[in-house]
Amino acid sequence: MAELGDAYYPSSLDDDNGSVPKGRYTATITDLSISENVKFGNFIADVFKPEYTIDKKDHPHYDGCKVIDNGIFRYKKVGDALYDHSKNWGFAKFLSLMGLRKEDGEGGQLPFLYLNDIKGSVVLVDVFTKKFTNDFDSQISYSVGRAIQLQSKAEVPF
């Protein structure tokens with residue numbers, strides 16, 4: 001029989017202390033979580049969620065607060081899964097925003113996104129509250145962000 005191990009849930013997550021109120025903030029991209037081959041109905045996508053650290057100079061009250069992106073989806077053709085290239089508009093928009101896509105008006109294959117492509121970039125982020133009801137009929141809400149403008153690209157060390 002497999003050992004189940006201990007699992008904990010910090011009560012601090014229930015307090016909403018670390019959440020950032022709705023608004024527009026200057027932030028630095030500090031991390032990126034990636035979930036590959038996630039099923040959405042009959043579609044498959046990779047989901048990218050940059051982590052934005054709020055800038056203490058412009059927003060001293062939220063110094064060090066972090067907000068996770070609501071999700072940037074890169075739909076792809078895998079096996080017999082449905083595929084619609086027009087669903088990739090948000091991913092293409094994010095790549096353009098970050099200066100990672102040519103602006104020639106032409107389509108093309110969308111690259112995979114890696115942390116080193118965006119880490120350290122300063123962006124304007126719109127923060128809003130995501131709300132839903134979980135499987136236990138409890139109302140869940142938390143702050144999420146969406147990058148809307150690149151302020152400065154990360155310095156590339158040579």
Side-chain angles (χ1 to χ4, degrees), residues 5-76 78 81-101 103 110-154:
D6 292 332
Y8 300 94
Y9 180 77
S11 61
S12 62
L13 290 179
D14 291 329
D15 294 341
D16 207 31
N17 289 340
S19 70
V20 177
K22 180 179 176 180
R24 184 164 289 171
Y25 301 88
T26 306
T28 301
I29 298 175
T30 51
D31 205 355
L32 176 67
S33 68
I34 303 169
S35 299
E36 295 184 58
N37 299 319
V38 180
K39 291 186 101 179
F40 296 96
N42 292 322
F43 293 91
I44 294 180
D46 296 328
V47 182
F48 302 86
K49 292 188 175 185
E51 178 182 84
Y52 308 109
T53 301
I54 304 299
D55 181 31
K56 68 179 177 182
K57 181 180 64 133
D58 292 339
H59 314 285
H61 185 70
Y62 302 107
D63 178 19
C65 285
K66 298 178 186 307
V67 177
I68 304 295
D69 195 280
N70 194 41
I72 305 161
F73 297 77
R74 179 181 177 264
Y75 289 91
K76 57 190 185 177
V78 176
L82 295 177
Y83 176 71
D84 177 359
H85 59 75
S86 67
K87 291 173 90 51
N88 282 322
W89 67 270
F91 188 76
K93 182 177 177 180
F94 183 81
L95 291 178
S96 293
L97 174 98
M98 298 305 298
L100 299 172
R101 185 167 176 251
E103 296 296 331
L110 296 171
F112 197 83
L113 184 64
Y114 296 96
L115 177 59
N116 63 355
D117 295 328
I118 59 174
K119 186 174 183 175
S121 295
V122 178
V123 293
L124 277 183
V125 177
D126 277 346
V127 174
F128 56 97
T129 302
K130 185 171 185 172
K131 296 180 180 183
F132 65 94
T133 303
N134 68 10
D135 293 341
F136 303 106
D137 290 329
S138 296
Q139 185 71 23
I140 305 295
S141 65
Y142 54 92
S143 297
V144 293
R146 172 74 63 204
I148 60 162
Q149 184 179 32
L150 178 65
Q151 298 290 293
S152 65
K153 194 83 168 131

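By the ring pair (Phe, Tyr, Trp, His ring centres under 6.0 Å) test, H59 pairs with Y25, sequence neighbours left out. Residues passing the side chain to side chain contact (heavy atoms under 4.5 Å, CB included) test with D117 are L100, L113, Y114, sequence neighbours excluded. Looking at residues two or more places apart in sequence or on another chain, you find a side chain to side chain contact (heavy atoms under 4.5 Å, CB included) between F128 and N70, V144, R146. Take S86 and apply the side chain to side chain donor-acceptor pair (under 3.5 Å) test, not counting sequence neighbours, and it matches D84. Shown here are the side chain to side chain contact (heavy atoms under 4.5 Å, CB included) partners of L110, two or more places apart in sequence or in another chain: R74, N88, F91, A92, L95, R101. Taking T28 as the reference, T30, V122 meet the side chain to side chain contact (heavy atoms under 4.5 Å, CB included) condition, with sequence neighbours excluded. Every residue two or more places apart in sequence or in another chain that forms a ring pair (Phe, Tyr, Trp, His ring centres under 6.0 Å) with F40 is listed here: F73. Scored by the side chain to side chain donor-acceptor pair (under 3.5 Å) test, T133 finds Q139 as partners (sequence neighbours excluded).
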Side chain to side chain contact (heavy atoms under 4.5 Å, CB included) between L32 and K119, worked out
CA-CA 8 Å; L32 176 67; K119 186 174 183 175; over 6 Å; no
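In this structure, G145 and V67 approach most closely via the heavy-atom pair N-CG1, 3.3 Å.
Applying the salt bridge (Lys or Arg N to Asp or Glu O under 4.0 Å) test to every pair with at least one member in residues 26-39, sequence neighbours left out, gives no pairs at all. Sorted by first and then second residue, the salt bridge (Lys or Arg N to Asp or Glu O under 4.0 Å) pairs with a member in residues 120-130 read R24-D126; sequence neighbours excluded.
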